[in-house]
Colleague: 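The structure follows.
Chain naming here is simple, since letters A, B, ... match the order of the sequence lines and numbering starts at 1 in each.
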2 protein chains.
Amino acid sequence: MPPIKPTLTDVARLAGVSEITVSRVVRGKGPIAEETRLRVRGAIEALGYVPNRAAGTLASSASLFIGVILPSMHNIVFPEVLRGIYEGLAGSPYQPLLGVSEYDRDKEQEILASLLAWQPMAIITAGSDHTDVTRRLLSESGVRVVELMDTEGDPVDLVVGFSHRQAGYDSGRHLIARGYRRIGYVGHDWAADRRARLRYEGLVAALADTGLSLAAEVHADGPSSVTGGTEMLPRLLAAAPDIDAAVFVNDDMAVGGYFHCLAAGIAVKKDLALFGFNGLDIGQAIPMPLSTVRSNRFEIGRIAAERIIAEPKRPAVTEVVNTGYEIIEGATA
Amino acid sequence: MPPIKPTLTDVARLAGVSEITVSRVVRGKGPIAEETRLRVRGAIEALGYVPNRAAGTLASSASLFIGVILPSMHNIVFPEVLRGIYEGLAGSPYQPLLGVSEYDRDKEQEILASLLAWQPMAIITAGSDHTDVTRRLLSESGVRVVELMDTEGDPVDLVVGFSHRQAGYDSGRHLIARGYRRIGYVGHDWAADRRARLRYEGLVAALADTGLSLAAEVHADGPSSVTGGTEMLPRLLAAAPDIDAAVFVNDDMAVGGYFHCLAAGIAVKKDLALFGFNGLDIGQAIPMPLSTVRSNRFEIGRIAAERIIAEPKRPAVTEVVNTGYEIIEGATA
DNA sequence: CGTTCTTATGACAGCGCTAACATAAACCCA
DNA sequence: TGGGTTTATGTTAGCGCTGTCATAAGAACG
């Protein structure tokens with residue numbers, strides 16, 4: 001029942017040409033007479049030929065894979081980066097090969113090793129916080145390496161992102177400029193999420209520059225979530241009832257905080273300002289649009305992909321593409 | 001600078017064994033003396049050997065890929081399915097190879113063709129609404145085919161999901177049982193999303209069984225989103241001001257509707273009941289947890305992956321695994 | 001009309017690995 | 001002690017494709 005898969009040879013025989021000619025037609029490479037092309041196409045159709053990329057990869061020692069390592073699929077942030085990557089790759093023959101590290105450096109290393117076994121022509125990884133082995137593998141692979149999201153740290157090849165520390169700093173400046181002085185922080189378990197920590201440090205630095213410090217901070221155990229914000233904001237308020245603003249590690253948590261305010265009858269902005277991070281759809285959809293930072297995630301993915309296509313060989317010098325960010329004024333701070 | 005990649009032969013030479021022995025050590029297959037294994041492992045370490053899976057795939061004509069085709073990455077629904085797939089595959093040597101069809105049947109077909117070129121050992125696709133060519137390719141591929149989400153339609157091999165029509169029907173029964181009679185519907189552009197349409201049909205059928213019909217319906221243009229719900233609910237109310245319940249195509253839209261009620265001072269449930277679909281985190285995090293249907297998306301992905309591992313060869317008979325669903329009572333209906 | 005260039009095609013080797021079959025040594029039990 | 005079994009390793013022959021170089025037939029040119 002499973003029909004024996006036709007190979008190039010079968011197509012070539014049927015079309016009355018050599019294998020290499022069929023190969024050229026399939027890949028659209030090299031000069032082919034129109035008449036020959038049609039004959040070959042006909043044979044391909046007739047046999048239902050599907051090329052074997054494993055053989056192609058082996059023969060040319062160049063796969064069409066781009067290895068992608070993302071830290072999480074628990075919220076929409078990295079799926080958006082991935083969409084950007086697919087968008088940037090659209091129309092090209094390249095195919096992403098995805099691994100999810102769950103914010104675990106060792107797992108990232110494992111995934112990288114298994115991705116490299118497919119001879120990818122590039123590796124995209126979200127983050128710059130790698131194990132030594134990971135860095136070595138990336139560096140020695142010789143293929144293009146794009147590190148996404150954060151511009152701090154020492155690039156292997158190309159970096160696409162922005163400074164999370166600076167974004168945190170600017171968030172603090174924004175609040176200070178609007179008169180908030182007693183600022184609390186709601187975070188999550190950031191042992192893994194280095195970028196969250198960088199934003200936090202930026203925020204603290206902004207406060208320090210004005211002679212302030214965080215009034216209080218609380219940290220959820222698990223990954224960030226809306227319910228996490230709903231749970232943690234009351235704890236923050238218990239620790240420091242007189243704060244006038246709460247900064248959240250991201251929009252998920254901030255929206256949860258907003259819901260707590262709704263339920264507890266706290267007047268948002270007037271009694272308590274809320275500030276998030278990421279610029280998620282949900283944050284802008286709540287009745288009072290969230291004050292937050294737009295992080296251009298889709299763009300980051302798209303640019304990474306486009307850069308790889310534009311320059312498939314690793315250049316001699318490293319480069320940093322700053323995609324910037326933008327404070328969204330919102331209505332909550 | 002890019003060091004020549006060591007091959008099996010290099011490892012074999014250094015370890016003083018034959019290539020096949022190294023291959024066996026790498027794959028953990030066949031009997032290997034502990035001493036030999038250590039020697040080979042040492043050589044692998046020393047050379048930084050990374051196996052070439054393209055060669056392995058070609059030689060064994062069995063890749064470790066599982067082709068996955070999902071319709072969208074625009075909301076968290078399919079990333080959750082994907083997480084389930086990764087979870088189910090954890091610890092196995094299999095690697096998902098993802099394509100995103102954007103709810104486009106022709107694109108699904110293209111993606112399938114390109115995935116098949118990698119000789120996947122299975123294909124997971126979300127949905128049963130394929131082009132004829134897609135169905136033929138799936139069927140003739142000879143590998144395991146899992147169609148996710150919906151149990152209606154004619155399976156190629158394995159189906160994992162539940163009946164969306166029935167879920168829509170039960171949503172209608174739920175509302176009717178609670179005394180709602182003037183029911184409106186907020187949908188989106190479902191030309192592509194067949195499952196949304198099935199739920200709608202189930203809902204209409206439930207109403208018809210009680211001698212009722214939809215009081216009004218509106219459809220957003222684009223894909224579903226929170227802001228879409230915020231925009232469309234007022235239109236529904238304009239079309240039928242006296243409705244006592246609104247059913248939304250999914251939770252994103254329903255949450256948007258909830259926000260509209262907040263902003264417009266509509267007492268949710270008392271003046272207007274809201275009902276969603278999917279059981280997203282955000283729906284349960286709003287101050288009044290959304291009445292909706294839990295669709296077990298993570299489980300669907302996980303079960304699909306586990307089934308493939310448990311039975312990697314396509315069996316003679318088709319099978320349907322019903323993952324069920326669950327009405328979440330919530331506070332909005 | 002020979003020379004050079006361009007276009008179209010083919011022959012052949014080999015990419016790096018593994019299936020299948022051999023071989024050899026060690027072990028087992030009556 | 002000798003056949004049978006198990007364990008450990010090797011030999012050989014490709015898997016299906018593409019890079020490289022070769023070839024042939026026109027076209028272009030002075």
Colleague: What integer distance in Å separates A/Lys29:NZ from D/dT18:C1'?
Modeller: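 Going from A/Lys29 (NZ) to D/dT18 (C1'), I get 9 Å.
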
Colleague: Could you work out which one of D/dC17, C/dT9, D/dG10 sits closest to the side chain of B/Ser18?
Modeller: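 It is D/dG10.
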
Colleague: Whole angstroms only, please: what is the CG-P distance between A/Leu8 and C/dC12?
Modeller: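 Between P of C/dC12 and CG of A/Leu8: 17 Å.
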
Colleague: Looking at D/dT18, I'd like to know if its phosphate oxygens (OP1 or OP2) sit under 4.0 Å from a side-chain N or O belonging to A/Ser23.
Modeller: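 Yes, such a contact exists.
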
Colleague: Does C/dT9 have OP1 or OP2 sitting under 4.0 Å from an N or O in the side chain of A/Arg24?
Modeller: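 No, outside the criterion.
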
Colleague: If you look at every strand shown and take non-hydrogen atoms under 4.0 Å, does B/Thr7 touch a base, only sugar-phosphate, or nothing?
Modeller: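 It contacts sugar-phosphate atoms only.
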
Colleague: Counting side-chain heavy atoms from C-beta on, which of C/dA8, D/dT9, C/dC17 comes nearest to B/Thr36?
Modeller: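 Shortest atom-to-atom distance from the side chain points to D/dT9.
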
Colleague: Nearest to the side chain of B/Ile20 - C/dT9, C/dA19, C/dC17?
Modeller: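 Closest of the options to the side chain of B/Ile20: C/dA19.
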
Colleague: Between A/Trp118 (CH2) and C/dC17 (P), how many Å, whole number?
Modeller: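 Spelled out: CH2 on A/Trp118 to P on C/dC17 is 13 Å.
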
Colleague: Distance-only, no hydrogens or angles: does the B/Arg314 side chain make a donor-acceptor pair with backbone N or O of B/Val143 under 3.5 Å?
Modeller: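 The answer is yes, because a donor-acceptor pair under 3.5 Å joins these two groups.
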
Colleague: Given C/dG10, C/dA19, D/dT18, identify the nucleotide with an atom nearest to the side chain of B/Ser60.
Modeller: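 Minimum distance to the B/Ser60 side chain belongs to C/dA19.
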
Colleague: Give the C-alpha distance, both sets of side-chain angles, the deciding distance and a yes or no for side chain to side chain donor-acceptor pair (under 3.5 Å) between B/His130 and B/Gln109.
Modeller: CA-CA 8 Å; B/His130 311 301; B/Gln109 180 182 320; over 6 Å; no

Colleague: To the side chain of B/Asn52, which of C/dC17, D/dT9, C/dT9 is closest?
Modeller: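 Comparing C/dC17, D/dT9, C/dT9 against the side chain of B/Asn52, the answer is C/dC17.
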
Colleague: Compare the minimum distances between each of D/dG19, C/dA19, C/dA8 and the side chain of B/Arg27, then state the nucleotide with the smallest one.
Modeller: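 So the nucleotide nearest the side chain must be C/dA19.
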
Colleague: Do the ring centers of A/Phe65 and B/Phe65 come within less than 6.0 Å of each other?
Modeller: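 Centroid distance A/Phe65-B/Phe65: below 6.0 Å, so yes.
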
Colleague: In this structure, how many angstroms lie between the P atom of C/dG10 and the CD atom of A/Glu19, rounded?
Modeller: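 Taking atom P of C/dG10 as the reference, CD of A/Glu19 is at 11 Å.
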
Colleague: With sequence neighbours excluded, what pairs up with B/Arg24 under the side chain to side chain donor-acceptor pair (under 3.5 Å) test?
Modeller: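 Scan of B/Arg24 (side chain to side chain donor-acceptor pair (under 3.5 Å), adjacent residues dropped) gives none.
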
Colleague: Which of the following nucleotides, D/dG16, C/dC17, C/dT9, is nearest to the side chain of A/Ile32?
Modeller: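 For A/Ile32, the side-chain atoms sit closest to C/dT9.
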
Colleague: Does B/Glu319 come within less than 4.0 Å of B/Arg307, counting only side-chain N to carboxylate O?
Modeller: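 Yes, charged N to carboxylate O under 4.0 Å.
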
Colleague: Among C/dC17, D/dG10, C/dG10, which is the nearest nucleotide to the side chain of A/Thr21?
Modeller: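 Ranking C/dC17, D/dG10, C/dG10 by closest atom to the A/Thr21 side chain puts C/dG10 first.
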
